[in-house]
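The chain is numbered in sequence order, starting from 1. Values below: every heavy atom of this structure, side chains too, minus hydrogens, waters and symmetry copies. Source: prediction; values computed, not measured.
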Amino acid sequence: MPFVALGGLLVIVCVLAYAYGAAQLGDRVQVLAVARSVAVGQAITAVDLKQVSAARDAGVRLVPAAQASKVVGRTAVVPLVAGTLLTPELLGDAAFPPGGQVTASVALKPGQYPQGLAAGARVTVYVTSKAEDGAPAPAATSAASGSTPARLSAVVLGVDLAGDGQGATVVTLLLPASDGPLLAAASSGGVVLMQTAPQGS
């Protein structure tokens, strides 16, 4: 009888162990893995990612496949080889500035930008071209200026009230790359900012 009871107990233990193992193998989730090698510092694109099935493990923080849009644009902090399962520790900040955009800083005097301007505000940038004799034309919208200012759209990244040490405030802008050369060529006094939306809008 003792041997029969022991044998029955072993059968129960084996059945429970098998059931637990099967449950663990079946508890799988869709996560993100690297589809092709990504160099350190390189921005991750959608084609660099693939979805794979992995066993759920409370000790490993894998990135769910549903978060692919949040991963695209971020950078690799270490070289990533194809097949690597992504974890938050492998991802750095998003590449900046975003593709197709540039940052530019302009020194502005009072009257060339609105009071209370802060990071995050959206602005229209009026850039006045130089006069034909090479002298800078006034940065004004009136017909007396002799030229029509170009209108650019930008987002304020920062406002340095300490400025350039000559009484000007330095405003850093994020704008389309195609508008960067026009802003860079503007002479002193040839740029005026008009706020179109406040911070976070």
Side-chain angles (χ1 to χ4, degrees), residues 32 35-36 38-49 63 66-77 88 91-201:
L32 293 177
R36 61 182 185 179
V38 179
V40 61
Q42 179 180 331
I44 297 174
T45 65
V47 296
D48 296 324
L49 303 174
V63 179
Q67 296 183 10
S69 61
K70 297 181 180 180
V71 172
V72 172
R74 299 187 66 181
T75 55
V77 298
L91 304 173
D93 294 333
F96 194 87
Q101 295 185 293
V102 294
T103 60
S105 295
V106 290
L108 304 175
K109 298 286 187 178
Q112 289 182 264
Y113 65 96
Q115 292 186 350
L117 188 66
R122 296 183 180 276
V123 294
T124 295
V125 185
Y126 293 92
V127 181
T128 304
S129 60
K130 293 183 179 181
E132 292 182 359
D133 59 1
T141 59
S142 65
S145 67
S147 63
T148 301
R151 297 178 57 178
L152 316 177
S153 296
V155 175
V156 177
L157 295 180
V159 179
D160 183 4
L161 298 178
D164 59 358
Q166 299 179 1
T169 296
V170 175
V171 179
T172 302
L173 303 170
L174 176 69
L175 68 162
S178 57
D179 293 337
L182 180 60
L183 183 61
S187 59
S188 177
V191 177
V192 172
L193 305 184
M194 295 292 290
Q195 185 167 327
T196 57
Q199 178 180 0
S201 298

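- Side-chain contact between V155 and L173: absent, with no pair of heavy atoms (C-beta onward) separated by less than 4.5 Å.
- You'll find the side chain of L193 stays beyond 4.5 Å of the side chain of T124, heavy atoms only.
- Pairs passing the side-chain hydrogen bond (donor to acceptor under 3.5 Å, both in side chains) check and including a residue from residues 149-161, sequence neighbours excluded, do not occur.
- Counting heavy atoms from C-beta outward, P149 and T128 have side chains that approach closer than 4.5 Å.
- Across all their heavy atoms, G180 and V102 have their closest contact at CA-CG2, 4.2 Å.
- The CG atom of D179 sits 4.5 Å away from the CG atom of L152 when rounded to the nearest 0.5 Å.
- Considering all non-hydrogen atoms of both residues, L183 and A104 come closest at CD2-CB, 3.8 Å.
- Between Y113 and V192 the shortest side-chain heavy-atom distance does not fall below 4.5 Å.
- Closest heavy-atom contact between A76 and V38: CB-CG1, 3.9 Å.
- Summarising the geometry of L49 relative to A68, their closest heavy-atom pair is CD1-O, 4.2 Å, with the distance given to 0.1 Å.
- Here the closest non-hydrogen pair linking Q195 and A121 is CD-CB, 3.9 Å.
- Among L108, V123, V191, the single residue meeting the side chain to side chain contact (heavy atoms under 4.5 Å, CB included) criterion with V171 is L108.
- Side-chain N or O atoms of R74 include none that pairs as donor or acceptor with a backbone N or O of D93 at under 3.5 Å.
- L157 CG to F96 CZ: the interatomic distance, rounded to the nearest 0.5 Å, is 4.5 Å.
- Listed here is the closest heavy atom pair of Q166 and K109: O-NZ, 2.9 Å.
- Considering only residues two or more places apart in sequence or on other chains, R36 meets the salt bridge (charged side-chain N to carboxylate O under 4.0 Å, His left out) condition with D48.
- Between L91 and the choices L32, I44, V77, the side chain to side chain contact (heavy atoms under 4.5 Å, CB included) rule is met once, by I44.
- Note that the CD atom of Q42 and the OG1 atom of T75 stand 10.0 Å from one another [nearest 0.5 Å].
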